[in-house]
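Here the structure is laid out as structure tokens; the discussion comes afterwards.
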Protein chains: 2
Amino acid sequence: MEKDDKPISMKHLPHKTIERLSQYRRALLICLDQGQTHIYSHEIAKIQHITAVQVRRDLMLIGYTGTLRKGYNVSELIDLIGSIIDAGEGIRVAIVGMGNLGRALINYFSGKRSRLSISASFDTNPDKIGRTMSGVPCYSLEDMNEIIARENIKIGIMTVPAAAALTVAEKLVQAGIKGILNYTPKPVYVPKDVYLEEYDMITSLEKVAFYVKMQEVD
Amino acid sequence: MEKDDKPISMKHLPHKTIERLSQYRRALLICLDQGQTHIYSHEIAKIQHITAVQVRRDLMLIGYTGTLRKGYNVSELIDLIGSIIDAGEGIRVAIVGMGNLGRALINYFSGKRSRLSISASFDTNPDKIGRTMSGVPCYSLEDMNEIIARENIKIGIMTVPAAAALTVAEKLVQAGIKGILNYTPKPVYVPKDVYLEEYDMITSLEKVAFYVKMQEVD
DNA sequence: CTTTTTTTGTTAAAAAATTAACATTGTTAG
DNA sequence: CTAACAATGTTAATTTTTTAACAAAAAAAG
Ligand SMILES: NC(=O)c1ccc[n+]([C@@H]2O[C@H](COP(=O)([O-])OP(=O)(O)OC[C@H]3O[C@@H](n4cnc5c(N)ncnc54)[C@H](O)[C@@H]3O)[C@@H](O)[C@H]2O)c1
Ligand SMILES: NC(=O)c1ccc[n+]([C@@H]2O[C@H](COP(=O)([O-])OP(=O)(O)OC[C@H]3O[C@@H](n4cnc5c(N)ncnc54)[C@H](O)[C@@H]3O)[C@@H](O)[C@H]2O)c1
């Protein structure tokens, strides 16, 4: 019935497409910096180690249409991806655990333009509480509820020791967080309405090891 | 015709199964430490946020058979997964770029029992070269060929600044590395006989953001 | 002006991954 | 001893993801 510019339901975008859109944008931002105004599907594909068909299909799914024989408009596409991935006014993020990994992530993130911003960090170490790291203030765990509400933080990144993982996840949920990115090697449990993503470097490394070994055998 | 203990061709194990086997092992090692001798498929499933069917199917694929109504023998299963993922005498790994992230990874890894071992690291910063971090010596980039050959290193983990990514990847390949785990936000190119895995935290974070935003809308 | 080339957008097919269904069989309870 | 149960192992169905095929059309070439 209704005629719309975007008849696409974001709800049905494949998970893998979401991941790739983020990666496309990362690559597109670099192209933009280099003054490139248009890009072909096969160029994007090469950067991401995937096929051009897949790029075109993903873009079809988000309803973006390029120019025949000119390819895609870099800045338009960046904006469109932004309108899908980022929330309007941006989403605020907190890091819990300001150790090696936490610092690496904050550092990494602080250079990036994004509508996601790391607004706070939490730790139990009194030496860290009250200090600021790459512009991100570190608070005591006890102030979590207050800070998360006040700063309207929606996502928590966990980089605490594995032993603290379960309780920290619980605390984050209670504080009203809606998504958790868990870098602890300990899987945690969250209610259905909290989105959870877990990543462990050892899994990646062992996967590489497996395929390296395989290749030797064959 | 031939009857074999393991008629399973590891070559055809699904990629996702490889990842999960690594995760199962991580969980099983914890169970072993706690003195648990057997575990049910649904227990493993709960830890990994997947279904029991999937666990059983994965184990079927590697030809492991549990005890009806007792579940799986924890230590047997750990050993079997090890025989699939790890190479016989272990695979040696090097980290390139001893910054925040490099140190976080070395630290993390040094606690783990595994047949994968980080045997060397490389950097260009003279202050770091010649020192040792969590037992891992740091060498100059110029010595890479020699060290990698001498130590029989097969896998390289890249944690250098994005600007150095392409040249470092090339150097690793030339030095004879067979697998690369790239934590740089810059995708790199490798020959077909080198296995490449790339991970970017921003992709994970943006994925979480997307689903958080989605949930708000519905 | 016409033909060829090149690139997009889309539908259809194939492949990969997950989930469901169910047969099987020790174990326990009655 | 027998029936009910609770777990595994496996085949089949479903869903998701990727790849292939190809039509359409702007640009370039002739
Ligand atoms: N997923 C991966 O790829 C990966 C890689 C490296 C490390 N890790 C894991 O990340 C975690 C952090 O690693 P790291 O090297 O930064 O460790 P770290 O010890 O340097 O840092 C941990 C920080 O958490 C703080 N902390 C401790 N208990 C806390 C609590 N209850 N609440 C809040 N903060 C608390 C500590 O004060 C410290 O600052 C570890 O669990 C490690 O295993 C994961
Ligand atoms: N994938 C992720 O999730 C993730 C997270 C955080 C950071 N990162 C990325 O990881 C990389 C490292 O981050 P960091 O915070 O550790 O940075 P860092 O600046 O602390 O460390 C970089 C290290 O690499 C060394 N280096 C520079 N050029 C080199 C070269 N050509 N060869 C060898 N070593 C060289 C530097 O001396 C330094 O020790 C960056 O590219 C960053 O963007 C990725």
Side-chain angles (χ1 to χ4, degrees), chain A residues 5-24 28 31 36-74 76-77 80-81 203 207 210-211 214, chain B residues 5-24 28 31 36-74 76-77 80-81 203 207 210-211 214:
Chain A
D5 271 10
K6 252 188 260 165
I8 310 299
S9 164
M10 297 196 320
K11 208 172 293 192
H12 304 117
L13 287 177
H15 282 226
K16 287 292 176 69
T17 294
I18 300 298
E19 290 177 11
R20 282 190 300 261
L21 287 174
S22 165
Q23 288 161 357
Y24 298 162
L28 290 167
C31 295
Q36 191 177 350
T37 63
H38 287 77
I39 192 168
Y40 297 128
S41 59
H42 66 261
E43 294 176 301
I44 300 179
K46 179 136 191 241
I47 298 171
Q48 304 301 146
H49 311 298
I50 57 178
T51 68
V53 185
Q54 185 139 71
V55 173
R56 293 206 298 276
R57 204 169 201 305
D58 285 334
L59 298 189
M60 185 192 94
L61 291 174
I62 63 171
Y64 184 65
T65 175
T67 312
L68 196 46
R69 213 161 161 130
K70 280 260 173 64
Y72 303 96
N73 180 302
V74 173
E76 266 179 34
L77 187 46
L80 178 59
I81 293 176
T203 296
K207 193 177 170 192
F210 174 81
Y211 287 107
M214 279 269 296
Chain B
D5 271 12
K6 251 190 259 165
I8 311 301
S9 164
M10 296 195 321
K11 208 171 294 191
H12 304 118
L13 288 177
H15 281 224
K16 286 292 178 67
T17 295
I18 300 298
E19 289 177 12
R20 283 191 299 261
L21 287 174
S22 165
Q23 289 162 355
Y24 297 163
L28 289 167
C31 294
Q36 192 176 349
T37 64
H38 287 79
I39 192 168
Y40 297 129
S41 58
H42 66 260
E43 293 177 301
I44 300 178
K46 180 140 192 238
I47 298 171
Q48 303 302 146
H49 310 298
I50 57 177
T51 66
V53 184
Q54 185 138 72
V55 174
R56 294 206 298 275
R57 206 169 198 304
D58 286 334
L59 299 189
M60 185 191 92
L61 290 175
I62 62 171
Y64 184 66
T65 175
T67 311
L68 194 48
R69 218 165 159 128
K70 280 261 175 62
Y72 304 96
N73 180 302
V74 174
E76 266 179 32
L77 187 47
L80 178 59
I81 293 176
T203 297
K207 191 178 171 193
F210 173 81
Y211 287 107
M214 279 269 297

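The shown structure was predicted, so the numbers you read here are calculated from the model rather than taken from an experiment. Note on naming: letters A, B, ... go to the chains in the order of the sequence lines (proteins, then strands), and numbering restarts at 1 for each one.
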#### Entry: d(CD, B:Gln48; P, C:dT18) in whole Å
13 Å
## Note on the structure
The reported gap from CD1 in A:Ile81 to CZ in B:Phe210 (rounded to nearest 0.5 angstrom) is 12.0 Å
### Task
Could you say whether B:Pro14 or A:Tyr72 is positioned toward the 5' end of DNA chain C, judged by the nucleotide with the nearest heavy atom to each?
A:Tyr72
### Task
Calculate the interatomic distance between A:Leu59 atom CG and C:dT8 atom P; express it in whole Å.
9 Å
### Query
Got a second to check how far A:Tyr72's OH is from A:Leu28's CG, nearest 0.5 Å?
11.0 Å
#### Entry: A:Tyr40: ring pair (Phe, Tyr, Trp, His ring centres under 6.0 Å) partners, not counting sequence neighbours
A:His42
### Query
For B:Arg20 and C:dT18, is the shortest distance between a side-chain N/O and OP1 or OP2 below 4.0 Å?
yes
### Query
Going from CE on B:Met10 to CG on B:Leu61, what distance comes out if it is rounded to the nearest 0.5 angstrom?
13.0 Å
### Query
For the atom pair CG (A:Leu59) and OG1 (A:Thr65), what is the distance rounded to the nearest 0.5 Å?
9.5 Å
### Task
May I have the distance from B:His15 (atom NE2) to C:dA15 (atom C1'), rounded to whole angstrom?
12 Å
### Message
Please find the pair of heavy atoms, one from B:Arg20 and one from B:Ile50, that lie closest to each other, and give the distance.
### Response
CD-CD1, 3.7 Å
### Query
Can you check the A:Lys16 NZ to C:dA17 P distance for me, whole Å?
8 Å
### Task
Give one of base, sugar-phosphate or nothing for A:Thr17, where a contact means two heavy atoms less than 4.0 Å apart.
nothing
### Message
Rounding to an integer number of Å, can you tell me how far B:Met60 CE sits from C:dT24 P?
### Response
16 Å
### Task
Identify the 5'-most and 3'-most nucleotides of DNA chain D with at least one atom closer than 4.0 Å to a non-hydrogen atom of chain B.
D:dC5 to D:dA12
### Message
What is the separation between atom CZ on B:Arg57 and atom C1' on C:dC22, rounded to the nearest whole Å?
### Response
14 Å
### Task
For residues B:Lys16 and B:Gln54, determine if any side-chain heavy atom of one lies less than 4.5 Å from a side-chain heavy atom of the other.
no
### Message
Just the rounded figure in Å: distance from P of C:dT18 to CZ of B:Arg56.
### Response
15 Å
### Query
Is there side-chain contact between B:Tyr24 and B:Asp58, with at least one heavy-atom pair below 4.5 Å?
yes
### Query
Once you round to the nearest 0.5 Å, how far does CD of A:Glu76 lie from NE2 of A:His38?
7.5 Å
### Task
Measure from the side chain of A:Val53, starting at C-beta and using heavy atoms only, and say which of C:dA20, C:dT10, C:dT8 lies closest.
C:dT10
### Message
Without decimals, in angstroms, what is the distance between A:Glu43 CD and C:dT6 P?
### Response
15 Å
### Message
Does the protein touch nucleotides 25-30 of chain C at the base, only the backbone, or not at all? Give it as B, S and - per nucleotide, heavy atoms under 4.0 Å.
### Response
BBB---
